[in-house]
Amino acid sequence: MKKCNNQSLGVSMSKIRLRFAPSPTGYLHIGGARTALFNWLLAKKLGGTFILRIEDTDVARSTQVSVDAILQGMEWLGLDWDEGPFYQSDNFPLYKEKVQQLLAEGKAYKCYCTAEALEAKREAALKSGGKPKYDGTCRNLNDTPEDKPFVIRFKAPLDGVTVFNDLIKGSISFNNEELDDLIIQRTDGTPTYNFVVVVDDASMGITTVIRGDDHVNNTPRQVLLYQALGAPVPQFAHVPMILGSDKARLSKRHGATSVIAYRDMGLLPEAMINYLVRLGWSSGDEEIFSKEELVEKFTIEAVGKSAGVFNPEKLLWLNAHYIKAGDPERLAELLLPFLADRGITARPAQPDLVNVVKTLQERSKTMLEMADGALFYYKTELEYDQEAVQKNVKPESSGYLKSLSAALSTADKFDHESIESVFKGVCADLGIKMGQIGPAVRIALSGGTVSPSIYEVMEVLGKEETCRRLDLATARFTAAQG
RNA sequence: GGUCCCAUCGUCUAGUGGUUAGGACACCGGCCUUUCACGUCGGCAGCAGGGGUUCAAGUCCCCUUGGGAUCACCA
């Protein structure tokens, strides 16, 4: 067992509390899933608490559909939470109270500037090369026009430096003069994001905030807010972004970005977890990690600082690995919906799906591929690949198939070994080599030139069905050759 | 543009002053083989550039370049 460093020891002793706080304005995407995973892993590793909080203060953009999609994504990945889901929309009274507190303490003020005026000033500043920050017009207003609409701004310090030690990126500092007086309550009385996050993280006792890189610039404002509220400042860990192959931020252009879309493409959740964690984190030269191993080995300090490019090929490789290593019974269950999409709506009795899966595990990169590969087993009437027939079926093929079928039908056992020995016996009797009969047999059994091993297919199909397909092909090949 | 962050093969990464710069995906070739795969063996390929510090720099410092994030009454 490795020694803990002081930092993680300190965290674990104070019972770490983490949260994942997505906003319900879309599905759970790759980046969010990884952030959730890192939170989950650290909570599990340190015996802490993982909280799910839905950031729905933007009532206009938040939807229940998105909430459901996020929950579904979390569930698929197996990222369960200890508390929540909490909804920020349930906490409006608390935010109101905290705003009043800051107002009473002179740490916030009412601002009567209109959005239009602000926008104009911002544009002017930008045009003249200045900074587009709030100019502080209402900061020291004496006469307050009570009848006009207003927002409430946080009175940020004008000078000094705000520093925080990021668990991933190290020390990050900002000059306070770069920060302006951010709005904490809108004209309509609803609170804004930066304020709400702080109030919630403080009231929920969050000790460590793991979130996307895109929040680093918000962090100094939030630190200031914690201080103004008299709350302890949590530790921060900003995980780098995930980029597309063009090094631009991952988006729809780069293919599916919802984790559920990957499920529908035939990915296994353990492959997704494994891929996501390795994108930005590593443990020596290891590539394959079970969740249990991750819980044991993961540390937030080992997460890399730089953005990573999403690589679908590697994801696919991991998926192929987990399919190969997976439990056939479970894979059979997971295969059902993909078969249903292909017209096999009920779980077929014959041939046994688990046996079918076993023949396909080593040759499927996705469950979707596996479903495609499984189809021929369940077709009563195969369509032969014409090109394959032309190339591989010779005038003598029908005779070979007939002999094979006859020999097979008298076999007392029908396992891999006995099938092989009968097969070889037939070849010897006919004085031919495997290559002279193999392709035609494969077409007879599967309809094409690509399938699992012939012996395996025969075994799974069973004697009766094997002979039926062989006989059927004999007839059809004969007919085709006239 | 301001601010903040980042920089090892095409990609994900190991590396914490002394290494023939390691692994993985992808790619290429050999082997295995009744097909497709799996597997296996081998190959290609990298420290962005420039200055320092040091006996010694991928590793420390500075600059340049490049990339990203962010500058809302969104989150």
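So you know, we letter chains A, B, ... as the sequences are listed, proteins then strands, and number each from 1. What you are looking at is a predicted structure, and each value in this text was computed from that prediction instead of being measured. Basis for what follows: all heavy atoms, side chains included, without hydrogens, waters or symmetry-related copies.
Within the 4.0 angstrom heavy-atom criterion, no nucleotide atom of any strand lies near A/C427. Within the 4.0 angstrom heavy-atom criterion, no nucleotide atom of any strand lies near A/F423. Nucleic acid contact for A/E55: sugar-phosphate only, since backbone atoms but no base atoms lie under 4.0 Å from a heavy atom of the residue. A/P240 comes within 4.0 angstrom of nothing in the nucleic acid, heavy atoms only. Within 4.0 Å (heavy atoms only), A/S173 reaches sugar-phosphate atoms of the nucleic acid but no base atom. At the heavy-atom level, A/G304 lies nowhere under 4.0 Å from the strands shown. Here A/V151 lies in heavy-atom contact (under 4.0 Å) with a base. In this structure, A/S446 reaches neither bases nor backbone, as no heavy-atom distance under 4.0 Å exists between it and the strands shown.
Going from the P atom of B/rC62 to that of B/rC4 covers 14 Å, rounded to whole Å. Atom name C1', nucleotides B/rC12 and B/rG46: the rounded distance is 13 Å, in whole Å. Taking the P atoms as reference points, B/rA75 lies 39 Å from B/rC60, given to the whole Å. As rounded to the nearest Å, B/rU20 and B/rC61 have C1' atoms that lie 29 Å from one another. Rounded to a whole angstrom, the distance from the C1' atom of B/rG30 to that of B/rC55 is 46 Å. Comparing the same atom, C1', in B/rG15 and in B/rU8 gives a spacing of 9 Å after rounding to whole Å. One P atom belongs to B/rA45, the other to B/rG23, and the distance between them is 14 Å to the nearest Å. With P as the reference atom, B/rA26 and B/rG39 are 9 Å apart, rounded to whole Å.
The base of B/rC38 lies outside donor-acceptor range of the side chain of A/R363, with no N or O pair under 3.5 Å. Between the side chain of A/E362 and the base of B/rG39, no donor-acceptor pair of N or O atoms lies under 3.5 Å. Side chain A/D56 to base B/rA75: no donor-acceptor pair is found below 3.5 Å.
Proximity of A/S282 to the phosphate of B/rA14: a side-chain N or O atom is located under 4.0 Å from OP1 or OP2. Between B/rG39 and A/K324, a contact under 4.0 Å exists linking OP1 or OP2 to a side-chain N or O. In this structure, A/R249 reaches the B/rU70 phosphate: one of its side-chain N or O atoms is under 4.0 Å from OP1 or OP2. Contact check, A/T192 against B/rA75: no side-chain N or O comes under 4.0 Å of OP1 or OP2.
Nucleotide B/rC5 carries an anti base; the chi torsion (O4'-C1'-N9-C4 or O4'-C1'-N1-C2) is more than 90° from 0.
The side chain of A/V450 sits closest to B/rU35 out of B/rU35, B/rG23, B/rU70. Closest contact between the side chain of A/K169 and the listed nucleotides B/rC6, B/rA75, B/rC5 involves B/rC5. Side-chain proximity of A/W317 to B/rC25, B/rA75, B/rC4: nearest is B/rC25. For A/N217, whose side chain is taken as the heavy atoms from C-beta onward, the closest listed nucleotide among B/rU70, B/rU35, B/rA75 is B/rU70. Set against B/rC12, B/rA75, B/rU34, the side chain of A/R442 has B/rU34 as its closest nucleotide. Side chain of A/S453, nearest nucleotide from B/rU11, B/rC73, B/rU35: B/rU35. For A/N311, whose side chain is taken as the heavy atoms from C-beta onward, the closest listed nucleotide among B/rU35, B/rC38, B/rU11 is B/rU11. Minimum atom distance to the side chain of A/V309 is reached by B/rU11, of the listed B/rU35, B/rU11, B/rA7.
For the pair A/R61 CZ and B/rA75 P, the computed distance is 7 Å after rounding to whole Å. Rounded to whole Å, the distance from NE2 on A/H238 to C1' on B/rU70 is 12 Å. Atom-to-atom, OH of A/Y275 to P of B/rU13 comes out at 8 Å; the value is rounded to the nearest Å. In this structure, A/L279 atom CG and B/rC25 atom P are separated by 16 Å, rounded to whole Å. Counting to the nearest Å, the C1' atom of B/rU70 and the CD atom of A/E178 are 12 Å from each other.
When ring centroids are compared, A/Y109 and A/F154 stay outside the 6.0 Å threshold. Taking the six-membered ring for Trp, A/F38 and A/F298 have ring centres closer than 6.0 Å. Ring to ring, A/W81 and A/F20 are not that close: their centroids are 6.0 angstrom or more apart.
Stacking of the aromatic ring of A/H215 onto the base of B/rA69 is not found under the criterion of centres within 5.5 Å and planes under 30°.
The environment of NZ in A/K297 is crowded: more than 12 heavy-atom neighbours from other residues, nucleotides or ligands sit within 6.0 Å. Within a 6.0 Å radius of CG in A/D159, no more than 12 heavy atoms belonging to other residues, nucleotides or ligands are found.
In terms of position along RNA chain B, the nucleotide closest to A/R278 lies nearer the 5' end than the nucleotide closest to the other residue of the pair A/R278 and A/L315. Of the residues near RNA chain B, A/A302 and A/N194, the one whose nearest nucleotide (by heavy atom distance) lies more toward the 5' end is A/A302.
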**OP:** Go through the steps to decide whether A/F289 and A/W281 satisfy the test ring pair (Phe, Tyr, Trp, His ring centres under 6.0 Å), and finish with yes or no.
**Re:** CA-CA 12 Å; A/F289 298 93; A/W281 176 88; 5.2 Å; yes
Let me check something: any side-chain donor-acceptor pairs from residues 28-37 of chain A under 3.5 Å, sequence neighbours excluded? List them with distances.
residue: A/H29; atom: ND1; partner: A/G31; partner atom: N; Å: 3.2
residue: A/H29; atom: ND1; partner: A/G32; partner atom: N; Å: 3.2
residue: A/R34; atom: NH1; partner: A/L279; partner atom: O; Å: 2.4
residue: A/R34; atom: NH2; partner: A/P240; partner atom: O; Å: 2.4
residue: A/T35; atom: OG1; partner: A/G31; partner atom: O; Å: 3.1

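With hydrogens and angles ignored, the 3.5 Å screen pairs no side-chain donor or acceptor of A/D385 with any backbone N or O of A/G448.
Scanning for ring pair (Phe, Tyr, Trp, His ring centres under 6.0 Å) contacts around A/F195 gives an empty result, with sequence neighbours left out.
The base-pairing partner of B/rC4, taking Watson-Crick or G-U wobble contacts with both distances under 3.5 Å, is B/rG68.
Between A/R469 and A/E465, at least one side-chain N (NZ, or NE/NH1/NH2) sits under 4.0 Å from a carboxylate O, which counts as a salt bridge.
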Please list each protein N or O that sits under 3.5 Å from an N or O in nucleotides 59-66 of chain B, with the distance.
none

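Atom CG of residue A/L102 and atom CD of residue A/Q185 lie 10.5 Å apart, to the nearest 0.5 angstrom.
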